[in-house]
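Let me begin by presenting the structure, written as structure tokens, before commenting on it.
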Amino acid sequence: MQIAEHIASLSGEGRLLAAAAERAGPGASVPTCPGWQIRHLLRHTGMVHRWAAAFVTEGHTAYQPDGGEPALDGAELLTWFRAGHDHLVRSLEEAPADLDCWAFLPAPSPLAFWSRRQLHETAVHRVDAESALGGPLTPVPAERAVDGIDELLTGFHARPRSKVRSRKPRTLRVRAVDTEATWTVRISEDPPEAVRTAATDAPEDGVDCELSGTAEGLYLTLWNRLPLAALSLRGDRSVARLWTDNSAVTW
């Protein structure tokens, strides 16, 4: 996906999140984030949007702490969220291609990083907001889901902070059946090493467990928004549990 596509998708996801939050109400429970209500979701995501926008607009080249979550609630909180989301989208749209600022995952450029990261941040939390309504979720297009899986497996969990570890080396295969994308994830005492290949190029041997499903199903399951039962599992289930039990990305 290109930067402009990421920004356009971010814009749409934020509007969907706000609309779902408004329908659900601030006190509605968020099933995909146990212990959270919609008010917590809006405060967190709105804070992240403002934090990200500050790097883009102010050009910080080193980590800066976030500004904290507001004590707002109800309609005032929703207005604050929408304003922060709009500011983030405009900041990314107006940023120069050669933007220089801090980023925490490898990317072609800081602008490419923040556009992609905030799209997936917002998309996953949009799913959270819609889950509070108890109805169907807005679909995630396969191309966008593949991009998000790639960011998660080859970006987030390549960092030393990843808790997906195993004393005994294990290999997890992730296969998106509606695309050509396949990932081979090698789990050891070091951070996981994930390699993406076309399905036809993925070796069939040496895999302890394979998770397969649509790109959307994999995206939401690997982000712990759907249960393992949403996917097809072949091989050692404990390897899949190693992922689901240890892969949560916390703020």
Side-chain angles (χ1 to χ4, degrees), residues 1-14 16-17 32-33 44-45 48-49 51-53 55-56 63 85 88-89 92 95 99 101-128 137-164 172-176 178-187 191-199 202 211-226 231 243-244 246-251:
M1 296 182 69
Q2 301 300 311
I3 291 172
E5 293 176 281
H6 282 133
I7 298 172
S9 297
L10 163 63
S11 179
E13 291 288 354
L16 287 171
L17 192 163
T32 48
C33 296
H44 167 78
T45 312
V48 173
H49 285 171
W51 176 73
F55 286 102
V56 175
Y63 170 80
H85 169 253
L88 172 62
V89 171
L92 291 167
L99 171 71
C101 69
W102 179 80
F104 61 86
L105 295 178
S109 69
L111 182 58
F113 165 77
W114 284 111
S115 301
R116 182 195 209 192
R117 175 79 293 276
Q118 289 309 297
L119 163 59
H120 294 298
E121 175 80 14
T122 307
V124 170
H125 286 316
R126 181 269 298 167
V127 169
D128 294 332
L137 302 174
T138 302
V140 179
E143 180 185 18
R144 192 186 307 169
V146 166
D147 183 68
I149 296 167
D150 205 56
E151 184 200 44
L152 181 65
L153 296 182
T154 67
F156 270 106
H157 284 283
R159 301 186 301 167
R161 295 181 64 175
S162 177
K163 296 179 181 178
V164 180
L172 174 67
R173 171 75 45 75
V174 176
R175 189 187 300 273
D178 54 343
T179 76
E180 288 297 312
T182 298
W183 295 262
T184 301
V185 186
R186 302 195 183 279
I187 304 170
E193 295 181 1
V195 177
R196 177 180 168 184
T197 60
L211 293 175
S212 61
T214 64
E216 177 186 37
L218 289 166
Y219 178 60
L220 296 181
T221 302
L222 293 172
W223 272 106
N224 294 310
R225 263 55 185 189
L226 287 179
L231 304 176
W243 176 271
T244 58
N246 298 282
S247 63
V249 175
T250 56
W251 181 247

With a 4.5 Å heavy-atom cut-off, do [X] and [Y] have their side chains touching?
X: Leu137; Y: Leu220; answer: yes
X: Pro192; Y: Leu172; answer: no
X: Ser247; Y: Leu222; answer: no
X: Val249; Y: Arg161; answer: no
X: Phe55; Y: Leu99; answer: no
X: Val195; Y: Arg186; answer: no

Quick one: does Arg144's side chain have a donor or acceptor within less than 3.5 Å of a partner on Ala123's backbone?
no
Would you list the pairs meeting salt bridge (Lys or Arg N to Asp or Glu O under 4.0 Å) in which at least one residue belongs to residues 109-119, sequence neighbours left out?
Arg116-Asp147, Arg116-Asp150, Arg117-Glu121, Arg117-Glu151
Non-neighbouring partners of [X] that pass side chain to side chain donor-acceptor pair (under 3.5 Å), sequence neighbours left out:
X: Arg225; answer: Asp128
X: Ser115; answer: none
X: Thr244; answer: none
X: Glu216; answer: none

For residues [X] and [Y], report the shortest heavy-atom separation together with the two atoms involved.
X: Trp114; Y: Trp102; result: NE1-O, 2.8 Å
X: Leu231; Y: Gly213; result: CD2-CA, 4.2 Å
X: Ser9; Y: Leu119; result: CB-CD1, 3.5 Å
X: Leu211; Y: Leu218; result: O-CD2, 3.9 Å
X: Gly148; Y: Trp223; result: O-NE1, 4.2 Å
X: Pro108; Y: Ala112; result: CD-CB, 4.0 Å

Candidate pair Val89 and His49, rule side chain to side chain contact (heavy atoms under 4.5 Å, CB included), full reasoning
CA-CA 9 Å; Val89 171; His49 285 171; over 6 Å; no
Calculate, to the nearest 0.5 Å, the distance between atoms [atom1] and [atom2] belonging to [X] and [Y] respectively.
X: Gln2; Y: Ile7; atom1: CD; atom2: CD1; value: 11.5 Å
X: Phe113; Y: Leu105; atom1: CZ; atom2: CG; value: 5.0 Å
X: Glu5; Y: Leu10; atom1: CD; atom2: CG; value: 13.5 Å
X: Thr154; Y: Arg196; atom1: OG1; atom2: CZ; value: 8.5 Å

Is the ring pair His120/Tyr219 parallel, tilted or perpendicular, if the boundaries are 30 and 60 degrees?
perpendicular
Only counting residues at least two apart or in another chain, list the ones meeting side chain to side chain contact (heavy atoms under 4.5 Å, CB included) with Ala142.
Asp178, Thr179, Ala215
State which residues pass side chain to side chain contact (heavy atoms under 4.5 Å, CB included) with Ala158; sequence neighbours excluded, sorted by chain then number.
none
Sequence-distant partners of Trp243, ring pair (Phe, Tyr, Trp, His ring centres under 6.0 Å), two or more places apart
His157
Any side-chain donor-acceptor pair under 3.5 Å between His85 and Thr45?
no
